[in-house]
Amino acid sequence: MASSEQPRIQWLGRWGFMLAATGSAVGLGNIWKFPYMTGEFGGGAFVLVYLACILAVGVPVMMAEIAFGRRGRGSPVDAIRRVVNESGRSSAWSLIGWMAMLCGFMILSFYVVVAGWSFSYLWKMLTGGLAGSSVDDMTAVFSANNANPWNLGFWSTLVTLLTMLIVGKGVQEGIEKSVSWMMPGLVLMLALLIGFGVFSGGFGQAFSFLFSFKAGSLSSEGMLAALGHAFFTLSLASGAILTYGSYLPKKTSIGRTTLSVALADTVVALMAGLAIFPVIFANGMDPAEGPGLIFMSLPLAFQAMPLGTLFGILFFLMLSMAALTSSISMVEATVSWLCDNRGVSRKAASWGTGIVLWLISTLAMLSFNLGAEWTLADKHFFGWLDYLTSRWMMPLGGLGMVVLAGFVLNSETFRDELGLAPLPYALWLTMVRYVSPLGILVIFADALGVYQVVFAAHWPWLLAILVAMVALGETLSPRLRQALRPV
């Protein structure tokens with residue numbers, strides 16, 4: 001079996017993997033993006049659609065990625081190559097692994113800049129540098145923070161150094177030990193902020209906003225946003241989850257573990273909403289403020305609160321830890337590949353990767369100041385990294401992963417690796433073959449701006465095609481496998 005080809009260090013237990021995978025999923029997306037998207041797209045209705053999308057698209061794809069990692073016991077490139085070879089398929093499918101690994105590295109190249117904002121604001125909160133009397137004042141603080149390349153470069157460099165220091169210590173000593181206190185600490189700080197919110201005067205309004213379902217408040221744009229965020233929040237198609245899965249012990253249930261990670265990720269996102277919106281409502285601010293909710297509106301609200309400085313410090317400390325747990329996961333695929341294929345030590349691989357990462361992230365950081373005018377097709381370097389990864393590489397990688405798992409490989413491979421009973425396995429296979437690919441195609445079409453032309457205008461025909469595909473699935477699958485078998 002492929003998993004036995006190469007001895008590989010493993011997590012000390014299921015709990016270690018859960019914390020690491022949840023740390024990968026729980027990042028700025030949960031604490032920064034999810035709350036403002038919820039506010040922007042109608043509250044509880046958006047949350048309900050988001051949860052449905054997590055189950056229908058996120059969980060099946062995540063199970064496939066973990067299964068690839070554990071079966072292949074290697075980096076995304078090596079794991080996929082071993083699994084497809086086991087099924088007698090072409091090694092060319094390992095290109096999906098290359099794209100996932102590159103995608104994760106490219107995301108991290110601009111993510112460390114965004115993570116640097118969190119660390120910078122933590123320092124400003126500690127030193128009193130977030131004084132202001134209006135949102136315009138806070139906007140000026142945010143702009144000045146980005147306009148200074150030395151300041152922004154220092155914080156992004158700090159994130160890079162901390163990430164490589166942890167990853168360089170190894171899977172158990174570095175990653176597992178770090179997340180074993182960072183994740184519980186993050187949840188504890190969220191709980192403290194929620195406790196404060198209960199007495200802030202806006203908690204009831206915030207709870208109603210998050211959990212009251214009003215169908216008319218959700219637009220088609222909001223449904224698409226929920227679908228896209230459900231896919232991206234779990235760190236899918238970026239190499240992180242697949243690599244973490246390669247360290248998962250054989251006896252651990254992939255299905256139960258995946259559901260636990262998805263549940264924890266969702267709970268943290270909802271807790272973030274319950275921590276943030278009471279402050280927003282108590283201060284008469286707009287919950288649909290958008291991306292500026294965290295870095296412009298909240299600092300202003302903290303100033304008006306009793307013990308606001310203390311809770312502001314807790315909030316930005318929590319935001320910084322969430323950013324760090326995600327950055328650790330995104331670089332692990334590259335470090336794992338270097339260790340497995342180039343014979344270098346983990347420390348050498350980590351710091352070598354860190355130097356390259358620092359150079360590229362510096363170019364991304366300069367997009368906000370000295371290099372703001374260095375554009376190509378109206379996008380600066382930071383914008384191109386974001387555009388290529390979120391609109392092309394992640395959807396394409398996710399689509400390739402589910403097609404490979406659902407149609408190309410021998411069904412026995414995943415039946416054995418997942419260890420599911422016949423009915424749950426049949427449900428997973430149906431989701432991976434038809435529901436998840438359709439969801440990813442919708443995300444892809446929306447990201448490229450052709451959703452209205454391709455899907456919205458022709459959804460009855462597309463639904464009929466989907467039904468026909470499901471009906472013929474068991475016939476089509478063997479024929480497709482035969483067509484894709486290498487000569």
Side-chain angles (χ1 to χ4, degrees), residues 1-11 17 20-21 24 64-109 160 163-176 235-250 327-360 389 393-394 396-397 400-401 404-405 408-409 413 417 486:
M1 191 169 65
S3 59
S4 64
E5 289 182 10
Q6 181 176 343
R8 193 166 180 81
I9 195 168
Q10 298 180 6
W11 304 108
F17 171 80
S24 175
E65 285 208 32
I66 295 172
F68 269 115
R70 189 169 73 176
R71 190 78 173 184
R73 294 294 186 198
S75 68
V77 178
D78 297 320
I80 292 178
R81 175 175 51 79
R82 289 172 185 151
V83 174
V84 295
N85 287 346
E86 180 186 358
S87 291
R89 310 297 177 231
S90 172
S91 295
W93 284 102
S94 61
L95 287 173
I96 296 173
W98 281 107
M99 184 161 62
M101 189 170 73
L102 179 61
C103 179
F105 188 84
M106 288 173 63
I107 291 173
L108 184 57
S109 297
T160 302
T163 300
M164 295 310 159
L165 183 65
I166 292 170
V167 172
K169 289 185 176 180
V171 174
Q172 294 177 354
E173 291 298 314
I175 300 173
E176 191 165 0
S235 300
L236 302 176
S238 62
I241 296 300
L242 194 153
T243 307
Y244 277 4
S246 71
Y247 306 125
L248 189 66
K250 180 65 178 174
S327 65
I328 290 167
S329 71
M330 281 185 278
V331 78
E332 176 60 21
T334 303
V335 172
S336 174
W337 181 82
L338 287 171
C339 291
D340 292 346
N341 293 274
R342 291 294 177 263
V344 297
S345 68
R346 172 166 278 269
K347 284 187 177 180
S350 299
W351 291 111
T353 301
I355 291 171
V356 177
L357 174 65
W358 181 80
L359 291 172
I360 299 175
T389 53
M393 297 175 75
M394 290 184 80
L396 279 175
M401 200 78 70
L404 184 56
V408 178
L409 298 178
T413 299
E417 197 59 43

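For the single chain, residues carry numbers from 1 onward in sequence order. What you are looking at is a predicted structure, and each value in this text was computed from that prediction instead of being measured.
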Residue pair Ile80 / Leu404: nearest heavy atoms and the distance that separates them: CG2-CD2, 3.9 Å
Taking every non-hydrogen atom, the tightest pair across Arg346 and Val171: NH2-CG2, 3.8 Å
Salt bridge (charged side-chain N to carboxylate O under 4.0 Å, His left out): pairs with one or both residues in residues 92-106, sequence neighbours excluded: none
Shortest non-hydrogen separation from Ser91 to Val84 and the atoms involved: CA-CG2, 4.2 Å
Heavy-atom pair with the smallest gap, counting every atom of Ser75 and Trp337: OG-CD1, 3.4 Å
Ser345: side-chain hydrogen bond (donor to acceptor under 3.5 Å, both in side chains) partners, not counting sequence neighbours: none
Closest non-hydrogen atom pair, Ala237 against Met394: CB-O, 3.3 Å
Euclidean distance, Arg70 CZ relative to Lys250 NZ, rounded to 0.5 Å: 5.0 Å
Phe105 and Thr353: CA distance, side-chain angles, deciding distance, side chain to side chain contact (heavy atoms under 4.5 Å, CB included) verdict: CA-CA 9 Å; Phe105 188 84; Thr353 301; 3.5 Å; yes
Distance, nearest 0.5 Å, that separates SG of Cys103 from CD1 of Ile96: 13.0 Å
Nearest non-hydrogen partners of Met106 and Thr389, listed with the distance: CB-CG2, 3.6 Å
Results of side-chain hydrogen bond (donor to acceptor under 3.5 Å, both in side chains) for Thr413 - residues two or more places apart only: Ser87
Test side chain to side chain contact (heavy atoms under 4.5 Å, CB included) applied to Phe17 and Tyr244, step by step: CA-CA 7 Å; Phe17 171 80; Tyr244 277 4; 3.8 Å; yes
Test ring pair (Phe, Tyr, Trp, His ring centres under 6.0 Å) applied to Trp358 - qualifying residues, sequence neighbours left out: none
Any residue meeting side-chain hydrogen bond (donor to acceptor under 3.5 Å, both in side chains) with Ser235, in chain and number order, not counting sequence neighbours: Ser24
Reported CH2-to-CG distance for the pair Trp351 and Leu165, which is rounded to 0.5 angstrom: 5.5 Å
Residues forming a side-chain hydrogen bond (donor to acceptor under 3.5 Å, both in side chains) with Thr163, sequence neighbours excluded: Ser327
Gap between atom CZ of Arg73 and atom OG of Ser336 - 0.5 Å precision: 11.5 Å
Atom pair CD (Glu86) and CG (Leu409), whose distance is rounded to the nearest 0.5 Å: 8.5 Å
Distance in Å, Ile166 CD1 paired with Ile328 CD1, rounded so as to fall on 0.5 Å steps: 3.5 Å
Met101 and Trp98: CA distance, side-chain angles, deciding distance, side chain to side chain contact (heavy atoms under 4.5 Å, CB included) verdict: CA-CA 5 Å; Met101 189 170 73; Trp98 281 107; 3.6 Å; yes
Side chain to side chain contact (heavy atoms under 4.5 Å, CB included) assessment of Met401 paired with Leu242: CA-CA 11 Å; Met401 200 78 70; Leu242 194 153; 4.1 Å; yes
Heavy-atom donor-acceptor pair, Ser246 side chain to Thr243 backbone, under 3.5 Å: yes
